[in-house]
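Accompanying notes for the structure given below.
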Amino acid sequence: MSSMAEKKDVDKDKPITRVLFLRTTFSSFTNLYQRVLGEVDDVPLKQVPDHIGNYDLCVSKNMLFDSNVLSRAKQLKLIMQFGVGLEGIDIDAATKHGIKVARIPGDATGNAASCAEMAIYLTLGLLRKQNEMQISVLQKMLGEPIGETLLGKTVFIMGFGNIGIDLAKRLKPFDVKIIATKRSWPSNSEVLIPKAFPTQNGVLDDLVDEKGSHGDIYEFASKADIVVCCLSMNKETVGILNKPFISSMKKGALLVNIARGGLLDYEAVVQHLESGHLGGLGIDVAWKEPFDPNDPVLKFKNVILTPHVAGVTEHSYRSMAKVIGDVALQLHAGKPLKGIELVN
């Protein structure tokens, strides 16, 4: 989807900054921009390579930007991901062609908060046996099933970035023990305190009862009643939720993934659901999207699937739209780019 870069009343002697919004399978994304921007053009993803050379700024949702596409972007200055995941963009190739790549920080737009809420939704749905409750309603049964509570549980937050922090903030009132892993933990003096969170001595460490590094994920998995994956997907993390990892989890523990479907090893998940070792699976992202409604994994009562909507809220989408608009104006004016995280 491309914004109408040239209107009838535009002074053709003035430079025009052209912005390309890519058509996406996320219809809510498309519909929002039709409401916000008004008149728009459609550019199917397959035709993007033929059109991208005419634009200065490109906003991507799930387009694959490889070296072939980027080589055609003769005047492109910036690619912005509508969100935080950049796994579809060849950053080295973009750098080679002089194109900046940026993500929109989730903590500034409400995206991280929305994803954290979804993680809790999936966790509670598994604990209270959401699918079985629906069966009870249909069968006019009362008082069944017997669910579980978050109270007293140990939650392992795998990847303590913006989403992990927002998740920990929201989990604390449930009286849980929070353990978390992160590639590297900042010193107390470097920690950014989440807004509106009462800390002791101004230290974020109060959110986490036990901290570990990437090498501790199996040990932490063995301690947790619930594992929530908030990792970015890259070469090191693809398929990280695999057979060794799930086997290291407690028997009956729950696994929630609101990050990327490629982090999950499908065969390992199915095997451990069938054996009963995995107590439940809650996912907002899948190994194949759109998800096959006939996939055998949905036969399990302890599986809850949502259609990649963790960050899809009116608040987060409108906040990200404002960031995009601000950046487009900054780019047009030749000003420093603010409100985004450049990665190259």
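Every heavy atom of this structure was used, including side-chain atoms; hydrogens, water molecules and symmetry mates were not.
Remark: A180 pairs with I157, F160, W185, V208 by the side chain to side chain contact (heavy atoms under 4.5 Å, CB included) rule, at least two apart or across chains. When the salt bridge (charged side-chain N to carboxylate O under 4.0 Å, His left out) test is applied to E267, no partner is found at least two apart in sequence or on another chain. Residues satisfying the side chain to side chain donor-acceptor pair (under 3.5 Å) criterion with E132, sequence neighbours excluded, are absent altogether. Scored by the ring pair (Phe, Tyr, Trp, His ring centres under 6.0 Å) test, F220 finds F156 as partners (sequence neighbours excluded). Partners of T237 under the side chain to side chain contact (heavy atoms under 4.5 Å, CB included) rule, at least two apart in sequence or in another chain, are L231, M233, N234, L263. Q271 meets the side chain to side chain donor-acceptor pair (under 3.5 Å) test with no other residue; sequence neighbours excluded.
For the pair C115 and I163, the tightest heavy-atom approach, listed with the atom from each and the gap, is CB-CD1, 3.8 Å. Residues G53 and Q75 approach most closely at O-CG, 3.4 Å, considering heavy atoms. In plain terms, the two heavy atoms of L342 and A102 that are nearest each other are CD2-CB, 3.7 Å. Shown here for V270 and F300, the closest heavy-atom pair between the two residues is O-CZ, 4.3 Å. Here the closest non-hydrogen pair linking A93 and L70 is CB-CD1, 3.7 Å. Between V297 and V303 the shortest heavy-atom distance is O-CG2, 3.6 Å.
The existence of a salt bridge linking K169 and D206 is excluded, since no basic side-chain nitrogen approaches an acidic carboxylate oxygen closer than 4.0 Å. Here R72 pairs with D50 in a salt bridge; the nearest charged N to carboxylate O distance falls below 4.0 Å. For the pair K322 and D326, the salt-bridge criterion is met [side-chain N within less than 4.0 Å of a carboxylate O]. The residues E236 and R183 are annotated as salt-bridged, a charged nitrogen and a carboxylate oxygen being separated by less than 4.0 angstrom.
With hydrogens and angles ignored, the 3.5 Å screen pairs a side-chain donor or acceptor of D284 with a backbone N or O of V309. A donor-acceptor pair under 3.5 Å is absent between the side-chain atoms of H332 and the main chain of A328, judged by distance alone. In this structure a side-chain-to-backbone donor-acceptor pair under 3.5 Å is present from N344 to V101. Without hydrogens or angle criteria, N242 side chain to F245 main chain gives a donor-acceptor distance under 3.5 Å. The backbone N or O of A112 sits nowhere less than 3.5 Å from a side-chain atom of N162 that would complete a donor-acceptor pair. Under the 3.5 Å distance criterion, the side-chain polar atoms of T306 are left unmatched by any main-chain donor or acceptor of H308. Within the 3.5 Å criterion, the main-chain N or O of A286 finds a donor-acceptor partner in the side chain of E289. No donor-acceptor pair under 3.5 Å is formed between the side chain of D92 and the backbone N or O of T95.
Residues Y317 and M80 share a hydrophobic cluster, clusters being chains of Ile/Leu/Val/Met/Phe/Trp/Tyr side chains in contact below 4.5 Å. Residues L20 and I99 are members of one and the same hydrophobic cluster, defined by side-chain heavy-atom contacts under 4.5 angstrom among Ile, Leu, Val, Met, Phe, Trp and Tyr. The cluster map of Ile, Leu, Val, Met, Phe, Trp and Tyr, joined by side-chain heavy atoms under 4.5 Å apart, puts I104 and V327 in the same cluster. Residues V155 and L124 share a hydrophobic cluster, clusters being chains of Ile/Leu/Val/Met/Phe/Trp/Tyr side chains in contact below 4.5 Å. Under a hydrophobic clustering in which Ile, Leu, Val, Met, Phe, Trp and Tyr are joined whenever their side-chain heavy atoms come within less than 4.5 Å, directly or via other members, Y218 and I179 fall into the same cluster.
Inter-residue side-chain proximity for S222 and M249 is flagged as unmet; no heavy-atom pair is nearer than 4.5 Å. In this structure the side chain of S71 never reaches within 4.5 angstrom of the side chain of V69, judged on heavy atoms. Side-chain contact between R103 and I340: absent, with no pair of heavy atoms (C-beta onward) separated by less than 4.5 Å. Counting heavy atoms from C-beta on, the side chains of K77 and L57 never come closer than 4.5 Å. Between T123 and L126 the shortest side-chain heavy-atom distance does not fall below 4.5 Å. L241 places a side-chain heavy atom less than 4.5 Å from the side chain of M158. V256 is not listed as a side-chain neighbour of I283, based on a closest heavy-atom distance of 4.5 Å or more. The shortest side-chain heavy-atom distance between I120 and L171 falls under the 4.5 Å cut-off.
Side-chain contact, D295 with Y266: a donor N or O sits under 3.5 Å from an acceptor N or O. Between the side chains of D90 and S67, no donor-acceptor pair is found at a separation under 3.5 Å. Neither side chain, T17 nor D56, offers a donor N or O lying under 3.5 Å from an acceptor on the other. No hydrogens or angles considered: nothing links the side chains of H214 and T181 as a donor-acceptor pair under 3.5 Å. No side-chain donor from either of S319 and S316 sits under 3.5 Å from a side-chain acceptor of the other.
Expressed to the nearest 0.5 Å, how far CD of E117 lies from CZ of R170 amounts to 5.5 Å. Here the straight-line distance linking atom CG of L281 with atom CD1 of I304 works out to 9.0 Å at 0.5 Å rounding. Atom NZ of K299 is separated from atom CG of N294 by 13.5 Å, given to the nearest 0.5 angstrom. For the atom pair L122 CG and L127 CG, the distance stands at 11.0 Å (nearest 0.5 Å). Here SG of C230 is found 8.5 Å from CG of N257. Values are rounded to the nearest 0.5 Å. In this structure, the separation between OG1 on T149 and CG on D175 is 9.5 Å, given to the nearest 0.5 Å.
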side-chain contact (heavy atoms from CB on, under 4.5 Å) evaluation trace for L142 with S136: CA-CA 7 Å; L142 298 178; S136 292; over 6 Å; no
Would M320 and H315 count as a side-chain contact (heavy atoms from CB on, under 4.5 Å) if you check the C-alpha gap in whole Å, the side-chain angles of each, and the deciding distance to 0.1 Å? CA-CA 9 Å; M320 286 190 281; H315 173 69; over 6 Å; no
Quick one: do K172 and I178 satisfy side-chain contact (heavy atoms from CB on, under 4.5 Å)? Show the steps, please. CA-CA 8 Å; K172 272 297 182 180; I178 297 175; 4.2 Å; yes
Between I52 and F65, does the side-chain contact (heavy atoms from CB on, under 4.5 Å) criterion hold? Intermediate values first, please. CA-CA 11 Å; I52 198 168; F65 282 90; 3.5 Å; yes
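Within a 6.0 Å radius of CD1 in I146, no more than 12 heavy atoms belonging to other residues, nucleotides or ligands are found. By the neighbour-count criterion of 12 heavy atoms within 6.0 Å, atom OH of Y121 is sparsely surrounded, having that number or fewer from other residues, nucleotides or ligands.
If you run salt bridge (charged side-chain N to carboxylate O under 4.0 Å, His left out) between D225 and each of K153, K250, K177, only K250 comes through.
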